[in-house]
Amino acid sequence: MYLPIIFSIFLAVRVTYINHRQSVALGPKLPGAPTLNANQRVMLPKPQIRSHFTATAPASLKPMLRWNKVPGAPVYELEVFDHDKKIYSNAYVFVNGFNLVLPDDFASKRITWHVRALNLDRLPMTEYSVMETTYVNPKLPAVQYPIPTVNYNKGNGTAMLYPVFNWLPIAGAKEYEVEILSQPPENPMGTEPSQYRIGQGLSETSELYDEFPRFSTTPLYWRVRGFNEMGEAVGTFSPAKPFVTNPDKPYTVGTLGDSITHGGGALSYSPADWEYDYQYYLKFDTINLGLSGDTSATMMERFEDDVLPFHLKYLIIMGGSNSLREGEDPDAVIDDLETIKVKCLNNDIVPVFLTLPAINPANIFRAFQEDTVDNWQKSFAKVNAYIRTQRHIDLSTKLPEKGVLPTYYATDGLHLDIEGKKLMAAAINEQWDEAIK
């Protein structure tokens with residue numbers, strides 16, 4: 001259940017979302033997932049521009065155009081004008097920023113541009129933003145580097161064992177390298193690897209899911225740079241950003257699970273987009289031990305390595321959706337959850353299970369081109385019946401458990417979006433004190 005790592009653009013009717021395990025296609029619309037007409041759709045507030053280049057502080061000919069994220073928007077449409085002439089348009093911008101490249105002989109002193117959000121049916125979710133004027137100066141050097149968009153350790157639920165790194169991409173880069181450091185680099189904004197490198201990963205998109213657990217009693221750092229199709233560096237490394245996942249911090253509660261626990265949603269948003277993580281809305285802090293793609297079996301297998309170092313008192317456990325929708329026997333999933341419970345009790349950890357919400361197979365196929373077994377509802381019901389015999393939080397008080405999950409809660413039919421994650425947290429917050437008695 002990997003969230004698609006979206007941002008690789010193919011100028012074709014179908015846009016392919018690239019994941020390090022799978023490809024996901026945008027569209028086509030399927031039966032059971034109807035398009036709302038203009039009278040039924042609710043328009044969200046238009047994007048607000050975040051980058052401002054004035055006549056006295058202009059940009060180079062490669063300005064980074066930025067705007068705020070529109071909640072739930074999987075893609076944006078950008079239009080750029082030179083006076084009244086449209087000189088560029090792109091309806092496949094999957095992040096809230098774009099590194100525009102103007103020609104070397106660009107004669108105007110300014111451009112204007114606006115942006116709007118689109119839904120999966122390529123229909124507007126917002127009006128266009130207010131037209132922004134961006135002044136440019138061709139004499140200014142173009143200093144290019146990806147812009148990190150992740151801020152770890154800035155509130156509840158913003159520390160995770162398996163970090164995800166997001167950035168705004170730069171023009172000319174076909175691949176990105178994320179460098180993980182044990183301390184700040186000796187060569188900030190440089191072009192060569194740091195002597196403090198302890199890990200690295202490559203991505204053809206503008207995010208990277210770290211496949212390795214990262215924890216340390218001292219801060220770690222990450223930065224990213226781009227390479228062109230010849231393997232040559234484009235610009236410099238980004239500024240280094242800190243993150244801390246300290247096993248000696250007195251975390252009381254951990255969260256163990258698959259990508260619903262790891263976080264992210266609305267196709268374009270990763271676990272490092274905190275508004276798509278239920279832990280962000282809890283009334284207490286947690287350490288996020290989720291791992292996208294987990295099954296109940298892999299959750300059980302990594303328990304000793306990933307849970308025990310944090311000396312937890314409580315462990316919130318949610319798992320089985322991946323296994324069940326792919327046809328795993330619900331009794332096998334129950335055995336895995338029971339084993340996790342026993343491991344918790346043997347280590348003086350109180351296990352608290354979450355019931356499984358419904359899913360939407362039509363939307364799952366639409367997003368991931370993955371089939372769901374026909375008897376998924378019966379399997380989910382059996383696992384939920386077991387969970388209700390354990391110490392648990394009943395998510396059905398806030399989210400549908402029977403029928404199919406409405407698109408409103410999860411664009412892709414599986415990973416709950418912002419409102420869904422808020423409702424998960426609301427159920428936990430309301431039932432927590434009773435659940436841990």
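Side-chain atoms are counted along with the backbone in the values below, which use heavy atoms only and exclude waters and symmetry mates.
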Within 45° of the six-membered ring axis of Y92 and under 6.0 Å from that ring's centre, is NZ or CZ of R122 located there?
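Yes, a cation-pi geometry holds between R122 and Y92.
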
Just by distance, with hydrogens left out, do [X] and [Y] show a side-chain donor and acceptor under 3.5 Å apart?
X: S89; Y: E79; answer: no
X: N363; Y: T407; answer: yes
X: H114; Y: S129; answer: no
X: N322; Y: T295; answer: no
X: D306; Y: Y162; answer: yes
X: S379; Y: E328; answer: no

Less than 4.5 Å apart, side chain to side chain, heavy atoms only: is that true for V115 and F98?
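Sidechains of F98 and V115: no contact.
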
Measure centre to centre between the rings of [X] and [Y], then say whether the value is under 6.0 Å.
X: W274; Y: Y152; answer: yes
X: F368; Y: H415; answer: yes
X: W167; Y: Y145; answer: no
X: W113; Y: Y88; answer: no

